[in-house]
Amino acid sequence: MTPRFVLVLSENWTLATGRDLPVLVRWAREAEDAGFDAVMVSEHVVLGPDAGADGVMGNPREYALPGNQDPFTPWPGSLMLLGAIASVTSRIRLAAAAVLAPLKHPLALARDIGTLDLLSDGRLVVQPTVSWSRDEYAALGVPFTERGAILDEQLEIWDLLWRGSPVSYRGKHFAFEDVYFEPRAYRPDGPRMWFGGQHLHDRLLNRLVRYGHGFHPLGRPTPDELERLKAGMASAGRDAADLEMIGGCRPVFPDDDSVSPLEPALESIPEQLAQGFTTFCIKPSQFTDDPDGVGAFCREVVRRTEALLS
């Protein structure tokens with residue numbers, strides 16, 4: 001199988017300033033021209049002191065993880081940015097990963113998601129998640145300990161909305177009667193949805209089985225987790241082979257001031273393909289310091305991978 005590549009557009013602030021958003025749109029167009037399958041944008045609404053509570057990452061090209069980032073890290077609005085990208089591309093998928101759904105009302109968020117899905121002719125991929133920052137939840141007045149339950153209600157609501165109006169719902173966190181929601185998303189069952197996390201806990205497994213089109217773990221899942229996923233899908237009458245598996249290309253930084261060579265980051269792709277992974281995320285700032293060389297970098301990723309698998 002030919003690997004599919006996702007260009008990660010978030011957290012590339014060694015290549016561009018947090019205010020130069022048109023350059024991200026240009027990189028997305030260049031990635032499409034180079035044969036990449038998707039671009040990805042993650043989000044935060046705000047950050048607080050807990051963003052860097054464990055110490056800021058040594059190399060600013062690293063991935064942002066819970067507690068390792070500068071609270072001044074820019075996080076532009078993901079859906080609006082992907083809307084701009086949709087307007088200048090025609091094929092590449094638009095991965096909104098991760099959407100911090102519990103921080104927003106499900107009806108309002110469904111409106112934005114459905115509109116972007118229609119604008120892009122169904123190219124949108126949504127990865128709803130609960131995230132990790134207590135400070136962010138506190139700032140927005142959302143109970144942090146309820147975030148998982150809130151997301152589960154949101155998923156139930158979206159599933160109803162995509163299928164037709166009127167819709168009524170009564171849960172612990174949201175309730176409404178006879179709302180009409182038009183236009184709906186591109187497909188009758190809504191946008192494609194990925195789910196992921198650090199571990200395949202029961203709640204995540206349930207979301208994947210009920211709503212998932214892709215599994216995007218943070219790190220490499222264990223063989224036991226992959227077996228649980230397969231069994232869970234089968235119990236619901238679904239084939240785990242139909243679930244898109246999203247892996248990654250991990251950099252090997254020689255020090256905190258340098259980019260990673262590309263070749264060792266790609267070496268795990270054959271092994272991941274053998275495990276069933278088909279789609280691989282890669283962040284350009286981890287491998288180049290040239291903001292005008294992202295298109296060439298994408299072409300090099302494709303070329304080197306083809307050579308690796310030949």
Side-chain angles (χ1 to χ4, degrees), residues 1-16 23-24 26-42 56-65 68-69 73 85 89 91-95 97 125 127 194 196 198 214-223 225-226 244-310:
M1 177 176 289
T2 302
R4 296 189 289 257
F5 284 103
V6 180
L7 188 71
V8 178
L9 293 177
S10 302
E11 311 167 40
N12 286 289
W13 309 125
T14 56
L15 281 177
V23 73
L24 305 184
R26 174 168 62 84
W27 292 345
R29 192 172 61 246
E30 292 172 349
E32 180 175 71
D33 292 343
F36 267 46
D37 176 76
V39 292
M40 177 185 292
V41 181
S42 300
V56 175
M57 65 185 80
N59 192 319
R61 300 163 185 83
E62 271 285 12
Y63 277 107
L65 297 172
N68 81 337
Q69 56 193 285
T73 301
I85 291 170
T89 57
R91 177 192 56 79
I92 204 163
R93 290 190 295 167
L94 313 168
V125 177
Q127 183 174 326
W194 293 349
Q198 290 179 290
F215 178 36
H216 182 198
L218 180 60
R220 299 283 290 277
T222 66
E225 287 177 325
L226 292 176
E244 183 176 6
M245 301 287 286
I246 300 94
C249 305
R250 289 295 175 184
V252 182
F253 297 114
D255 53 56
D256 285 346
D257 299 312
S258 304
V259 298
S260 168
L262 179 59
E263 185 174 3
L266 301 177
E267 287 177 351
S268 69
I269 287 179
E271 178 188 355
Q272 292 184 72
L273 285 170
Q275 290 181 314
F277 288 84
T278 59
T279 306
F280 301 92
C281 302
I282 190 162
K283 186 159 75 107
S285 64
Q286 295 183 328
F287 305 96
T288 178
D289 281 336
D290 180 8
D292 295 321
V294 171
F297 164 75
C298 292
R299 292 190 294 273
E300 183 69 3
V301 169
V302 172
R303 186 190 69 78
R304 284 180 177 264
T305 303
E306 289 175 346
L308 183 65
L309 298 174
S310 62

(request) Answer yes or no: is there a donor N or O on one side and an acceptor on the other, between the side chain of Glu32 and the main chain of Ile92, under 3.5 Å? (result) yes
To check you understand the geometry: which heavy-atom pair defines the closest contact between [X] and [Y], and what is its length?
X      : Y      : answer
Ser310 : Ala307 : OG-O, 2.8 Å
Cys298 : Ala34  : CB-CB, 3.5 Å
Thr14  : Pro60  : CG2-CG, 3.8 Å
Pro254 : Ser260 : CD-CA, 4.5 Å
Ser42  : Ser10  : N-OG, 2.7 Å
Trp27  : Pro291 : NE1-O, 3.0 Å

[Y] and [X], any side-chain heavy atoms less than 4.5 Å apart:
X      : Y      : value
Pro284 : Leu7   : yes
Asn59  : Gln286 : no
Leu262 : Ile282 : yes
His216 : Cys281 : yes
Leu94  : Val39  : yes
Cys249 : Val301 : no
Thr279 : Phe5   : no
Val6   : Phe36  : no

(request) Only pairs at least two apart or in different chains count here, so list each ring-ring contact (aromatic ring centres under 6.0 Å, His included) that has a residue in residues 262-285. (result) none
(request) With sequence neighbours excluded, give me every ring-ring contact (aromatic ring centres under 6.0 Å, His included) pair touching residues 285-310. (result) Phe287-Phe297
(request) Report the C-alpha distance between Val56 and Gln69 in whole Å, list the side-chain angles of each, state the deciding distance to 0.1 Å, and finish with yes or no for side chain to side chain contact (heavy atoms under 4.5 Å, CB included). (result) CA-CA 5 Å; Val56 175; Gln69 56 193 285; 5.9 Å; no
Any chance you could measure [X], atom [atom1], to [Y], atom [atom2], to the nearest 0.5 Å?
X      : Y      : atom1 : atom2 : value
Leu218 : Ile246 : CG    : CD1   : 13.0 Å
Met245 : Gln272 : CE    : CD    : 10.0 Å
Ile269 : Leu309 : CD1   : CG    : 7.0 Å
Glu62  : Ser285 : CD    : OG    : 10.0 Å

State which residues pass side chain to side chain donor-acceptor pair (under 3.5 Å) with [X]; sequence neighbours excluded, sorted by chain then number.
X      : value
Glu30  : Arg26
Asp255 : Ser258
Asn68  : none
Arg304 : Glu300

(request) Among residues two or more places apart or on two chains, list those pairs meeting salt bridge (Lys or Arg N to Asp or Glu O under 4.0 Å) that have a residue in residues 269-279. (result) Arg220-Glu271
(request) Please determine if Arg91 and Asp37 form a salt bridge, counting it only when a charged side-chain N lies under 4.0 Å from a carboxylate O. (result) no
(message) Just to verify, what does Asp33 make a salt bridge (Lys or Arg N to Asp or Glu O under 4.0 Å) with, not counting sequence neighbours?
(response) none
(request) Could you tell me which residues satisfy salt bridge (Lys or Arg N to Asp or Glu O under 4.0 Å) with Arg4, sequence neighbours excluded, listed by chain and number? (result) Glu244
(message) Just to verify, which of Asn12, Thr288, Asp289, Asp256 counts as forming a side chain to side chain donor-acceptor pair (under 3.5 Å) with Arg61?
(response) Asp289
Just to verify, what does [X] make a side-chain contact (heavy atoms from CB on, under 4.5 Å) with, not counting sequence neighbours?
X      : answer
Glu267 : Glu263, Pro264
Glu11  : Tyr63, Ala64, Trp75, Lys283
Thr222 : Asp224, Glu225

